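To start, the structure under review is shown below, and the notes come after it.
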Amino acid sequence: MATPLSQTPSSPLTTIAVVGLGTMGTGITEVLATAGREVVGIDISEAATAKAVAALEAATARAVEKGRLTEQERTDALARIRTSTDLRAAADADLVIEVAPESYEIKHQIFRELDGIVRPETILATGTNALSVTRLAADSARPERVLGLHFFNPAPAMKLVEIVSSVLTAPTAVSAVTNLALDLGKEPVAVGDRPGFVADGLLFGYLNQAAAMYEAKYASREDIDAAMRLGCGLPMGPLALLDLIGVDTARTVLEAMYAESHDRLHAPAPILKQLSEAGLTGRKSGRGFYTYEAPGSATVVRDVLTPLDGATLTPGREVRSVGVAGSGTMASGIAEVFAKAGYEVVLAARSEEKAQAAKARIGKSLSRSVDKGRMTAEAAAQTLDRITAAGSYESFTDVDLAVEAVAEDLEIKQQLFATLDKVCKPGAVLATTTSSLPVVACARATSRPQDVIGMHFFNPAPAMKLVEVVRTVLTAEDVHSTVREVCGRIKKHAVDCGDRAGFIVNALLFPYLNNAIKMVQEHYASLDDIDAAMKLGGGYPMGPFELLDVVGLDVSLAIEKVLHREFRDPGLAPAPLLEHLVAAGCLGRKTGRGFREYARR
């Protein structure tokens, strides 16, 4: 017997119809059947249903091989699935999940037909990630039973399910599908009806910015993707992810988001339209931002844009000794990296005491590496011996490369570069680790701007593999070559970018973080739900609010202001909630309170 919406929230949804047996619909069918539900898979053609059945047989066979299912469980699951090309096969379903193409016309037609087929208490769920659930519900005979049920691809593997309520949705319907999601082993997140919901709402703005960055020829596709993987710990770079999602799908989602928000960050980058109209939609067509071995293949092959292996650069300058200016965590981390790679390092600070304290910090870090078996005690001792602590920048007279890692304050950095200009020998390369200030402004503080370049390390420097190499319009080619060669020697992955605010990583990361803050500010979703959505739905190692509290809200606000000032985009204006928290002294973990409260140590 079917369960009416008026009954208890824990009522089971035992028979479920899935309308649309593409990749997502087939994945949802697999999840439901292996969890013991009777599933009716419906598509418009026998060919589509046959393809789905073959995919389900192959997927469940792989699950048996990997020990996730027994052969009997596989047999039982497949027996619970039947397919049809007739929507009337959904007549006995307790829940219908529609996963048809992202078109109002197609979805409206399906919902209108279902109104005349299913029982009054049957819940109708749309799998849309871009269209208005409210609009679909309003045209239904019973709008209170319509909601959004947004799974993530691949549905069997991804834990997140966004449950989308409109103002018309009955709470009992929400409770029923929430309990279903939990029973399926998923983590449901309740969200309101707006394009993209939480995960895609944040993800697609970031992807759009990456596409625009590539279109502007600011950095190569390989460098953009490597920067976000290595700088943020993401499982995929944004351009590779756009190819996986489908460039045309991304464009559709962004157009829906822009229609509602009118935020320029959501206005689809022109390159998305150009690629879509050319049929270059990503992996499914065999070509998008990258070129693939065949349509549907994940294997990237060389094309005309692929960098040549070992491409010859202008010969670099010889670097035997390195000076590191600063006494904080970043400075000591960078000094450790260079010393481990065999360079003689001078670690200089404003006083001998500060320099010795920084060297002692390196000693403790090396001891931890020994304790963890990452290096021998002898190698650690030799590394520490290569570091000379100095209380004056005069000790940089013989270094071949000077790297500053002092406070993120332009005036302080310019004063330091003026000093380095006087102290360092002719031909020495002068590098700044700034993450947000103009490198050229540091260069102009010297009489040799051609020798100045950005080397943006990420914290903690010994662990993080990425270095953003930032050339100004004045940087000499051999200086760029020198830094690229040095990055290779210290086992870091160098990516090239120009001298503009945020470089690659921060220019893509901080608008995403700012948009997450706006979601909370607008009471659209909770901190916990947003963090869960991005970790489970986007594969992020940390949720945005976890990350903001680690980075520091004051640091985050400063970077947001720099980006807003440089790009003049209203969408980049720092969220007022961030400004209020900083004004209140709630700066994150370092003060014990940011977006969350932390135990004092």
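Model, not experiment: these values are computed from the prediction.
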* Residue pair E408 / S436, side-chain donor-acceptor N/O under 3.5 Å -> yes

* To do: Apply side-chain hydrogen bond (donor to acceptor under 3.5 Å, both in side chains) to S392 and S395, showing your working.
  => CA-CA 6 Å; S392 164; S395 55; 5.8 Å; no

* Please examine the side chains of F396 and V322, heavy atoms only from C-beta on, and report whether any two atoms are closer than 4.5 Å. => no

* Asked: Do the side chains of P511 and L563 get nearer than 4.5 Å, heavy atoms only?
  -> yes

* With a 4.5 Å limit on heavy-atom distance, are the side chains of Q450 and T472 in contact? -> no

* Compute whether any side-chain donor of one residue and acceptor of the other, for D303 and T291, lie under 3.5 angstrom apart. => yes

* Close side-chain approach of V337 and Y343, heavy atoms under 4.5 Å -> no

* Are the charged groups of D243 and R221 less than 4.0 angstrom apart, N to O? -> no

* Asked: Do the charged groups of D496 and R484 touch, with an N to O distance under 4.0 Å?
  -> yes

* To do: Salt-bridge test for D549 and R593: reply yes if a basic N is under 4.0 Å from a carboxylate O, no otherwise.
  => no

* **Side-chain (N208) to main-chain (A267) donor-acceptor, under 3.5 angstrom** => yes

* Asked: Any Lys/Arg nitrogen of R320 or E344 sitting under 4.0 Å from an Asp/Glu carboxylate oxygen of the other?
  -> no

* Return yes if some donor-acceptor pair links the side-chain N/O of E468 with the main-chain N/O of V505 below 3.5 Å, else return no. => yes

* Test salt bridge (charged side-chain N to carboxylate O under 4.0 Å, His left out) applied to R317 - qualifying residues, sequence neighbours left out -> D451, D478

* K492 (side chain) donor-acceptor with M464 (main chain) under 3.5 angstrom -> yes

* To do: Say whether, by atom type as modelled, one donor and one acceptor occur between the side chain of D529 and the main chain of V191 under 3.5 angstrom.
  => no

* To do: Kindly write out the residues that satisfy salt bridge (charged side-chain N to carboxylate O under 4.0 Å, His left out) with K425, not counting sequence neighbours, or none if the list is empty.
  => D400

* SB check R194 E522 (cutoff 4.0 Å) -> yes

* **Donor + acceptor pair across side chains of D421, S447 (<3.5 Å)** => yes

* Asked: Is a side-chain donor-acceptor pair under 3.5 Å present for D225 with Y290?
  -> yes

* Ignoring hydrogens and angles, tell me if any N or O in the side chain of Q414 forms a donor-acceptor pair with the backbone of A441 under 3.5 Å. => yes

* How far does CD1 of I245 sit from CG of L203, to the nearest 0.5 angstrom? -> 5.5 Å

* **From V429, V483, T434, residue fulfilling side-chain contact (heavy atoms from CB on, under 4.5 Å) relative to M455** => V483

* Hey, does the side chain of E352 reach the backbone of A390 with a donor-acceptor pair shorter than 3.5 angstrom? -> no

* For the residue pair Y206 and Y512, does the interplanar ring angle fall in the parallel (under 30°), tilted (30 to 60°) or perpendicular (over 60°) class? -> tilted

* Do M519 and L202 come close enough that some side-chain heavy atom pair is under 4.5 Å? -> yes

* Asked: Checking N514 side chain against A575 main chain: does a donor-acceptor pair fall under 3.5 Å?
  -> yes

* Report yes or no: is the cationic atom of R287 (NZ for Lys, CZ for Arg) under 6.0 Å from the centre of the six-membered ring of Y292, at an angle within 45° of the ring normal? => no

* **Residues E404, K413; criterion salt bridge (charged side-chain N to carboxylate O under 4.0 Å, His left out); working and verdict** => CA-CA 8 Å; E404 71 77 16; K413 288 186 188 291; 2.9 Å; yes

* So, does S481 use its side chain to make a donor-acceptor pair with the main chain of T314 at under 3.5 Å? -> yes

* To do: Decide yes or no on side-chain hydrogen bond (donor to acceptor under 3.5 Å, both in side chains) for S261 and H266, but give the supporting numbers first.
  => CA-CA 8 Å; S261 72; H266 299 152; 2.8 Å; yes

* Salt-bridge test for E336 and R361: reply yes if a basic N is under 4.0 Å from a carboxylate O, no otherwise. => no

* To do: Would you please classify the geometry between the H456 ring and the F458 ring as parallel, tilted or perpendicular, with 30° and 60° separating the classes?
  => tilted

* To do: Report yes or no: does R283 contribute a side-chain atom to a donor-acceptor pair with the main-chain N or O of L241 at less than 3.5 Å?
  => no

* Asked: Do you know which two heavy atoms are closest between R229 and P235, and how far apart they sit?
  -> CD-O, 4.1 Å

* Give a yes or no answer on whether the side chain of D528 reaches the backbone of D531 with a donor-acceptor pair at less than 3.5 Å. => no

